[in-house]
Every structure is written in C-alpha cells, then in structure tokens.
Amino acid sequence: MKRSTEVEQLSRSGDHLHLLQSVQSLNTNHPPPTKDWTEVSVRPSYEGTVRRAVVQLEETLSKEMKKLVAESELKMVQQYAVDVILDPDTAYPYLILSNDGKQVRPGKVKKNLPDDPERFSDCTCVLGKQSFFSGRFYFEVQVKRKTEWTLGVARESINRKGSITGSPLNGLWLILLRNGKEYTAGTDPSVLLSLKSPPQKVGVFVDYEEGLVSFYDVDAAALIYSFTGCSFTEKLFPFLSPRYGGKNSAPLIISPVRVN
C-alpha cells in the first residue's frame, strides 16, 4: 500500500528529474545486486541524456515503474510541440492536401502543377513549411486506418527529383509501415521494429544539438525507435508520406498535441 501511494504521488509530479531519480528506490521487488548507480547522471536539459539514463534504469524497473517512466519521458518531449503545417509547394502532384495544411492523402489524378525545385517529382511525400536549424521540436501524426505510411524529418538538401532511398546518409530520418504490419526504421540496412500493438498516433521528437530523432507511440506512451549520434548541419523539415491509395486511402493528419 505504501509503494502504491508513492507511485500515485510521483505520477502527479511535474518534476521529471525527481521522477527519474526516484524510480529505483521504489523498485523493492528486484533490487540490483551489483549495479553501481553512482555513475548514472541526468542533465534535465538534454532529452538524449535522459533517454540513456532511462535505458539503464529499465534493467531493474518493474512493469509499473517502466510505464510511469515512459509516460514521464513522453510528457517531457511534448513540451517542445510545434504547429506543423504542410507545404503544398513541396507536395507530390498526386497528393491531396487539406485547406488548412493539416492533412494529406493519396489521390488518383495527377495535378497540373509547376515542377518547381522544391516539389517532389517521384516520391509520394510532402514537407512541412516550418524548418528547424537548432533546438528541439515535436509533432504528432495520426496514422490510424493506414496500411502504409512514412514519417520523420528530412534535411533541406534532400533529393526532390527522382526516387529516394530513406536513410540518414540521404538526409532522411524515418520510420515506415508497409503491408499493414511491417514496421521498419529507415537505416542502411533497415531495422525491423517489433511493436506490441499498431500505433494510432505517432510522435516525432528532434533534439538538433543532441543529434537525436525519436519516434513514440503516443497512446501507449512507448518509444518506438531512436536515431542517436546524428550530425545535423542543415535545416530540418517534417516529412510525411501517405503512400498510395486503394485500401490505404485514409489521410495522415497532423494532430494537436495534448499533454495528459
């Protein structure tokens, strides 16, 4: 009962650093016999450092504590939410954007649009209008009812004419869904992701200086995948691809960020 009360008090705390420092002391069921935790430090201003500390802590946490830490981490990155609006000047000609720039879905008819340098000619994707050259930013995308999609960020100099291979070497930090069930990270070679359940909303977080791009299952408050040790030297843009239509005709939707 005492442990349950302490967990409940921590869950209402807005002090994320205190939470991360406290979770070990609450884990009385499986205390680590040999781990020296004096070397674990947390700098609250760097989310990448917090993530590494969390990975170390997770080795000894109960299921209850793991969930609490994951929820705290998601709340932390959600503080950097930005208002993403899609840029029609970059959109592949077959894509259909909503008037408010918050939704994109695949279409069947190619629009007669100027082939400007900014526009993708062969990739079914679109960038956000906003660019980021420093600091941290976060946005969420609703992906439910989709059987295929691609999400992440792209550097400004990405190739916009011809086919694109999604990998950091090509200026893309992405995760992908294919065939309704195959989740992968856009690395070279690609990494197959094992998820407990299909995410309905995906959060994308970037820490420019830390060289970090992380993806979250928002409803489950679970980390999906992180690119770490990235070296950013250009502006970064949100990147969305709803892929092709048919059974996959539902839109990708930029969702307002709600911190519980």
Side-chain angles (χ1 to χ4, degrees), residues 3-27 29-30 40 42-84 136-146 149 151-153 173-177 181 183-185 191 193-207 210 212-228 238 240 252-260:
R3 184 170 179 274
S4 178
T5 300
E6 291 173 330
V7 170
E8 177 63 23
Q9 290 174 344
L10 278 175
S11 69
R12 294 195 296 267
S13 172
D15 188 342
H16 303 293
L17 178 59
H18 173 63
L19 169 62
L20 291 172
Q21 292 173 333
S22 301
V23 287
Q24 187 200 358
S25 64
L26 291 181
N27 184 37
N29 293 332
H30 304 284
V40 178
V42 177
R43 292 174 293 163
S45 60
Y46 294 94
E47 278 64 33
T49 304
V50 171
R51 165 106 298 265
R52 288 190 290 272
V54 168
V55 170
Q56 290 177 290
L57 285 169
E58 283 178 344
E59 297 175 5
T60 61
L61 295 182
S62 67
K63 182 178 179 181
E64 186 180 34
M65 287 292 95
K66 286 181 180 180
K67 185 175 186 297
L68 191 58
V69 170
E71 290 174 350
S72 180
E73 181 184 349
L74 180 59
K75 289 179 181 179
M76 191 186 310
V77 300
Q78 285 176 326
Q79 297 176 30
Y80 300 101
V82 294
D83 184 20
V84 172
R136 306 171 186 90
F137 65 95
Y138 173 87
F139 61 96
E140 294 179 353
V141 182
Q142 179 181 298
V143 297
K144 66 181 181 181
R145 304 201 319 274
K146 300 285 293 177
W149 48 259
L151 294 176
V153 293
W173 293 265
L174 310 170
I175 60 170
L176 309 84
L177 169 65
K181 58 183 179 180
Y183 294 90
T184 58
V191 174
L193 305 176
S194 179
L195 306 184
K196 292 183 179 180
S197 60
Q200 302 298 299
K201 188 183 295 183
V202 175
V204 183
F205 173 72
V206 176
D207 186 325
E210 188 78 7
L212 174 71
V213 182
S214 292
F215 299 86
Y216 295 87
D217 179 336
V218 175
D219 296 326
L223 179 71
I224 297 174
Y225 185 81
S226 284
F227 293 89
T228 59
L240 282 73
L252 290 176
I253 303 175
I254 305 291
S255 302
V257 176
R258 296 184 175 89
V259 182
N260 296 326

Considering only heavy atoms from C-beta outward, does the side chain of [X] approach that of [Y] to under 4.5 Å?
{"X": "Ser214", "Y": "Leu223", "answer": "yes"}
{"X": "Pro199", "Y": "Phe215", "answer": "no"}
{"X": "Glu140", "Y": "Tyr138", "answer": "yes"}
{"X": "Leu195", "Y": "Ile224", "answer": "yes"}

Stepwise salt bridge (charged side-chain N to carboxylate O under 4.0 Å, His left out) check, Arg136 with Asp207 | CA-CA 4 Å; Arg136 306 171 186 90; Asp207 186 325; 3.0 Å; yes
Evaluate the side-chain contact (heavy atoms from CB on, under 4.5 Å) criterion for residues Ile254 and Val141: first the C-alpha distance (whole Å), next the side-chain angles of each, then the deciding distance (0.1 Å), finally the verdict.
-> CA-CA 5 Å; Ile254 305 291; Val141 182; 3.9 Å; yes
How long is the straight-line distance from [atom2] of [Y] back to [atom1] of [X], given to the nearest 0.5 Å?
{"X": "Thr184", "Y": "Ile175", "atom1": "OG1", "atom2": "CD1", "answer": "8.5 Å"}
{"X": "Leu252", "Y": "Trp149", "atom1": "CG", "atom2": "CH2", "answer": "8.5 Å"}
{"X": "Trp173", "Y": "Ser226", "atom1": "CH2", "atom2": "OG", "answer": "14.5 Å"}
{"X": "Lys201", "Y": "Lys144", "atom1": "NZ", "atom2": "NZ", "answer": "8.5 Å"}
{"X": "Gln78", "Y": "Phe139", "atom1": "CD", "atom2": "CZ", "answer": "13.5 Å"}
{"X": "Gln142", "Y": "Ser255", "atom1": "CD", "atom2": "OG", "answer": "5.0 Å"}

For Leu176 against Ala185, the heavy-atom pair lying closest together =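 For Leu176 and Ala185, the tightest heavy-atom pair comes out as CD1-C, 4.2 Å.
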Where do Leu74 and Val218 come nearest, in terms of heavy atoms and distance?
->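 Taking every non-hydrogen atom into account, CD2-O, 3.6 Å.
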Determine the sole option in Leu240, Val202, Leu177 for which the side-chain contact (heavy atoms from CB on, under 4.5 Å) test with Val143 is passed.
->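 Between Val143 and the candidates, side-chain contact (heavy atoms from CB on, under 4.5 Å) is satisfied uniquely by Val202.
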Aromatic rings Tyr225 and Phe227: how do their planes relate, parallel, tilted or perpendicular, breaks at 30° and 60°?
->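 Answer is perpendicular, since the angle exceeds 60°.
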Exercise: do Tyr216 and Glu73 side chains pair donor with acceptor under 3.5 Å =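 A donor-acceptor contact under 3.5 Å links the two side chains.
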